[in-house]
Asks: 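My questions all concern the structure below.
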2 protein chains.
Amino acid sequence: MINFSVFSELVMLSMEDICRDIFHEHADSIKTKKEKIVVKNLVIIFNATLKLSNMKGFQAMSVRDLSRETGLSMGALYSYFKGKEELLDMIQNQGLRITSRILNEQIENESDARNRLRAAIRTHLFLSEVLQPWFYFAYMEAKNLSKRLQKQAIESELYTEKLFIDILDEGRRRGDFKVENSILAAALIKAVLQDWYLKRWKYSRRNIAVDEYADYIISVIERIIIE
Amino acid sequence: MINFSVFSELVMLSMEDICRDIFHEHADSIKTKKEKIVVKNLVIIFNATLKLSNMKGFQAMSVRDLSRETGLSMGALYSYFKGKEELLDMIQNQGLRITSRILNEQIENESDARNRLRAAIRTHLFLSEVLQPWFYFAYMEAKNLSKRLQKQAIESELYTEKLFIDILDEGRRRGDFKVENSILAAALIKAVLQDWYLKRWKYSRRNIAVDEYADYIISVIERIIIE
DNA sequence: GTCTATAGTGCGATAGAC
DNA sequence: GTCTATCGCACTATAGAC
């Protein structure tokens with residue numbers, strides 16, 4: 001399995017790539033035309049939005065707050081998005097793309113079910129460690145998304161869960177595991193993975209590192225699925 | 001253990017009791033003086049607030065929305081609370097009191113560690129089933145609370161978790177369990193209990209009932225803690 | 001005890017200067 | 001490409017009628 005610092009770099013490169021994609025897709029609403037400037041400012045805007053939203057909620061964050069935080073004026077901000085709703089959409093999209101891209105890349109590298117399960121758990125934890133603000137944001141603001149994006153978020157949740165169900169079922173078929181209820185087992189895995197980024201304060205207060213947490217979860221899952 | 005319909009009734013009675021307490025504590029800001037009217041309207045206001053907040057967030061819910069939903073005018077609403085913030089406080093308080101009261105009552109009834117653990121899990125799930133809107137609300141709006149109430153929410157989370165840690169440690173001391181890491185085990189229990197009320201749509205879509213979920217969690221925990 | 005009407009505030013969004 | 005100035009709107013909160 002990939003190590004954490006290489007992993008971080010991979011994610012950061014992905015972030016810029018995807019900001020570039022977003023720029024080209026929203027070419028009509030982004031008035032600025034120089035790619036380098038746009039990508040630089042989009043990263044600043046996204047990070048500031050995540051910071052402010054995670055403190056007091058996206059609705060409660062005003063564009064004036066965002067202006068103060070980014071150092072850009074109201075007018076400048078509105079040359080990057082049509083309105084608050086489009087900003088929400090762009091951020092949601094960026095995160096979904098990065099996570100699904102990286103998660104799939106990492107799982108494909110592993111051959112047997114047990115290693116795929118371990119890789120999936122570790123990768124998800126690493127991802128939510130590097131992109132903690134986005135994961136928290138996506139969870140907390142899901143109900144404020146447009147109907148279309150809400151559906152996308154639900155699909156993403158179910159997709160990740162299906163990924164775990166499939167690994168568990170494959171392991172059972174090959175005789176590696178003896179999992180009784182792969183649906184509830186996958187739901188349990190998702191729940192504990194989410195706890196890691198939603199309750200960040202709890203684990204950091206207790207000095208529990210991501211590796212320790214990963215090892216613990218894997219050991220618990222292996223107790224559930226192995227006779 | 002108590003059955004679910006008796007349990008529901010117990011909670012509902014508790015709710016009125018606590019609205020009565022809230023009325024007396026906020027006697028200065030609640031202009032209406034007839035207890036019966038106040039309690040009736042507080043229950044209506046609280047439920048409407050939970051409904052609207054859980055759809056689009058407390059900040060995004062305007063007092064006008066609340067007026068429409070409750071059938072009370074703006075003026076009438078403002079005779080029950082000084083402002084939106086006080087409303088938030090009252091609701092947060094009401095839920096915290098009910099849950100800690102009921103949880104303690106139910107656990108005290110059980111004698112040995114294994115039954116206390118089962119009772120704690122079942123009671124927490126039943127509570128979050130009856131009071132699902134409040135549990136969801138408390139989780140999602142935690143970051144919008146005043147500093148004082150934010151501290152209260154954290155204490156409440158840690159208190160419930162400590163309750164599980166203590167049961168696990170007691171079981172280990174008496175030789176009932178063989179739990180390796182009671183802190184991480186308790187965190188895992190909390191995470192899956194929270195998933196039940198935060199991802200309500202997922203479990204109801206799959207027709208998983210609260211009893212089935214409770215049994216599953218208990219069986220998983222017993223695999224973790226028992227050699 | 002509850003209503004209607006309104007004062008005052010701060011927001012999202014834009015037009016035009018630089 | 002970014003800034004400053006401003007418009008119109010929806011909101012919280014209150015005062016006074018009933």
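Letters go in sequence order (proteins before strands), and every chain restarts at 1.
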Asks: Looking across every strand, which nucleic acid part, if any, lies under 4.0 Å from A:S73 by heavy atom: base, sugar-phosphate, or nothing?
Replies: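 Base contact.
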Asks: Checking side-chain polar atoms at under 3.5 Å, does B:Q132 have a donor or acceptor matched by the opposite partner on B:W196?
Replies: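 No pair is found: no donor N or O on one side chain lies under 3.5 Å from an acceptor on the other.
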Asks: Please give, in whole Å, the distance from C:dA13 P to A:M61 CE?
Replies: 11 Å
Asks: Could you state the atom-to-atom distance from NZ of A:K31 to C1' of D:dC3 in whole Å?
Replies: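 Rounded to whole Å, this separation is 13 Å.
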Asks: To the nearest angstrom, how far is B:E86 atom CD from D:dT14 atom P?
Replies: 11 Å
Asks: I need the CG-P distance between A:L72 and D:dG1, as an integer number of Å.
Replies: 13 Å
Asks: Could you tell me whether B:Y80 contacts a base, only the sugar-phosphate backbone, or nothing, with contacts defined as non-hydrogen atoms closer than 4.0 Å?
Replies: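 If one applies the 4.0 Å heavy-atom cut-off, B:Y80 turns out to touch the sugar-phosphate alone, with no base involved.
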Asks: Does B:K202 pair with A:E157 as a salt bridge, N-O distance under 4.0 Å?
Replies: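 Salt bridge: yes.
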Asks: What's the closest nucleotide to the A:K84 side chain, out of D:dC11, C:dT2, C:dA13?
Replies: C:dA13
Asks: A:F135 vs A:H124 aromatic rings, parallel, tilted or perpendicular, using cut-offs 30° and 60°?
Replies: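 Ring orientation of A:F135 relative to A:H124: perpendicular.
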Asks: Rounding to an integer number of Å, can you tell me how far A:R68 CZ sits from D:dT4 P?
Replies: 14 Å
Asks: Can you check the A:L77 CG to D:dG1 C1' distance for me, whole Å?
Replies: 13 Å
Asks: A:M74 has an atom CE; how far is it from atom C1' of D:dT6, in whole Å?
Replies: 11 Å
Asks: With a 4.0 Å cut-off on N to O distance, would you call A:K40 and A:E16 a salt bridge?
Replies: no
Asks: Any donor-acceptor pair, under 3.5 Å, between the side chain of A:R64 and the base of C:dG12, if you only look at N and O atoms?
Replies: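 A donor-acceptor contact between them is present.
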Asks: Under 4.0 Å from any atom of DNA chain C, heavy atoms only: list the residues of residues 32-50 of chain B that qualify, in numerical order.
Replies: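 Those residues whose heavy atoms fall under 4.0 Å from DNA chain C, taken from residues 32-50 of chain B in numerical order, are B:T32, B:K33, B:K34, B:I37, B:N41.
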Asks: Using a strict 4.0 Å threshold on nitrogen-to-oxygen distance, state whether A:E141 and A:K84 make a salt bridge.
Replies: no
Asks: If the cut-off is 4.0 Å, is A:Y78 near the phosphate of C:dA13, judged by side-chain N/O to OP1 or OP2?
Replies: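 For A:Y78, the contact criterion (side-chain N or O under 4.0 Å from OP1 or OP2 of C:dA13) is met.
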Asks: Taking 4.0 angstrom as the limit, do A:D195 and B:K190 come out as a salt bridge?
Replies: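 So A:D195 does not pair with B:K190 through a salt bridge.
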Asks: May I have the distance from A:L52 (atom CG) to C:dC11 (atom P), rounded to whole angstrom?
Replies: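 Taking CG of A:L52 and P of C:dC11, I get 13 Å after rounding.
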Asks: Identify whether the distance between the nearest side-chain nitrogen and carboxylate oxygen of A:E25 and A:R97 falls below 4.0 Å.
Replies: yes
